[in-house]
Amino acid sequence: MLKIYFSAEDILRTRVAPAADPVWELVLSLHLLPNGRDPLLAGWRRSVTRGLRQGRGSAGLRLLLALNPPRGYFPDFLTPYESLSGFEAGMEAVRGTPVSLLQRDLTLLATGNTLPSAAGALARGEPGTLHDLTDAMEQYRDLAIGPYWARIQAAVEADRARRARALLDGGVEGLLASLRPAMHWESGVLKVRGYPLSRELHLDGRGLLLVPSFFCAATPVALLDPALPPVLVYPVDRLGGLLPAPGEGAGPGTPDTGREALAALLGRTRAAVLAVSDDGCTTGEVARRLNISPAAASQHTTVLRNAGLLVSHRDRNTVLHTLTPLGRAMLNS
């Protein structure tokens, strides 16, 4: 179990990342790639694996895969705090990693893993190897993250709307309490259940950055180095998974299904449902605001969700609906 200790100052400085973090999503997706148990990611996994086979001759790609085993430790330097400002800022930070940190992280990784020869050059901080690594990260992003970015963003935005409600209703402590069941907040301590190591993290007035992540597995992830800015990455609802690549076959959420659902969108009531969901709205609130029955509100939100315009998240007996980027674009147009 991971125990994170908060002071009153830490509570004031705790916040949620403003959007999906492209570097964290990239790295965590690599850990899920060999795991075939999640049916929501089956189409994505097949498409990405096929693309990786075509580029398997790249030394940078081999190094990237070796640095991200499916289980256990992976280097802290791969997910720098600077990625909060975007992918390019994150890559610049990776290329600028101090040699001492590279050596420390790679020594830890080599304890239980076999690393390619390029890892030695990386540990020495050779600029060419660092550039090869970030080039491989960019290539992998174009293959595995970029084509699905809208769905990843939608899932993270839906979670942020849920956390915003918890914050408004209960302050930061309400926000932290909303992270159940993976985490438990009590008396100034956030306990992360199922964490692979038994450790404590004292924030010491720095606060905590909570990063909602599509590709985070069931257990939240924290950086190993307690001296780094405190970050806790936690999983969000994947909203039915990712669209399979063309040719992977039909299924829930495929483009054909989306077109059929979009054909059912015509009508004033559904446009009104889309409008009232702009800042997040429960099914009951939709019904009350539009003076329609709860059953009708549920039916309309289902059609909008199937069309990719809404995302819905259940918390106990309440379902919160928020707009996807496509839904917001349609509303604004």
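Heavy-atom basis, side chains included; hydrogens, waters and symmetry copies ignored.
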Trainee: What I want to find out is whether D237 reaches R314 closely enough, with some N-O distance under 4.0 Å, to be called a salt bridge.
Mentor: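 Not counted as a salt bridge, because no side-chain N and carboxylate O are separated by less than 4.0 Å.
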Trainee: Grab the two heavy atoms, one from L106 and one from L115, that are nearest each other, plus how far apart they are.
Mentor: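 Where L106 meets L115 most closely, the heavy atoms are O-CD1, 4.0 Å.
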Trainee: Less than 6.0 angstrom separating the ring centers of F215 and W24, yes or no?
Mentor: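 F215 vs W24: aromatic centres not under 6.0 Å.
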Trainee: If you measure from the Lys or Arg side-chain nitrogens to the Asp or Glu carboxylate oxygens, is any gap between R95 and E92 under 4.0 Å?
Mentor: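 Yes, R95 and E92 are salt-bridged.
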Trainee: Which pair of non-hydrogen atoms, one from A158 and one from V311, has the smallest distance, and what is that distance?
Mentor: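 Shortest heavy-atom separation between A158 and V311 comes out as CB-CG2, 3.1 Å.
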Trainee: At their closest point, which heavy atom of T79 faces which heavy atom of L223, and how far apart are they?
Mentor: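 So the two residues come closest at OG1-CD2, 3.6 Å.
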Trainee: If you look at every heavy atom in A123 and Q103, which pair is closest and at what distance?
Mentor: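 Nearest pair, atom of A123 first, then Q103: O-CG, 3.2 Å.
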Trainee: R160 and V16: which non-hydrogen atoms are nearest, and at how many Å?
Mentor: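 Of all heavy-atom pairs spanning R160 and V16, the closest is NH1-O, 3.6 Å.
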Trainee: Ignoring hydrogens, what is the shortest heavy-atom contact between T129 and A121? Give both atom names and the distance.
Mentor: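 For T129 and A121, the tightest heavy-atom pair comes out as OG1-CB, 3.3 Å.
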Trainee: So is R151 actually on top of F214's ring, under 6.0 Å and inside 45° of the axis?
Mentor: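 The answer is no, since R151 fails at least one limit relative to F214.
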Trainee: Consider only side-chain N and O atoms of S213 and E25, and report whether a donor and an acceptor are under 3.5 Å apart.
Mentor: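 Yes, side-chain donor-acceptor contact under 3.5 Å.
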Trainee: Given L101 and D76, is the side chain to side chain contact (heavy atoms under 4.5 Å, CB included) satisfied, shown in steps?
Mentor: CA-CA 9 Å; L101 297 185; D76 284 349; over 6 Å; no
Trainee: How about T282 and H321: does a side-chain donor come under 3.5 Å of a side-chain acceptor?
Mentor: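 No donor-acceptor contact under 3.5 Å links the two side chains.
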Trainee: Without hydrogens or angle criteria, can the side chains of S178 and R163 be said to hold a donor-acceptor pair below 3.5 Å?
Mentor: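 Yes.
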Trainee: Closer than 4.0 angstrom, basic N to acidic O: yes or no for R165 and E285?
Mentor: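 Salt bridge present between R165 and E285.
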Trainee: Can you confirm whether the side chains of T111 and Y73 place a donor and an acceptor under 3.5 Å from each other?
Mentor: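 The criterion, which ignores hydrogens and geometry beyond distance, is not satisfied for Y73 and T111.
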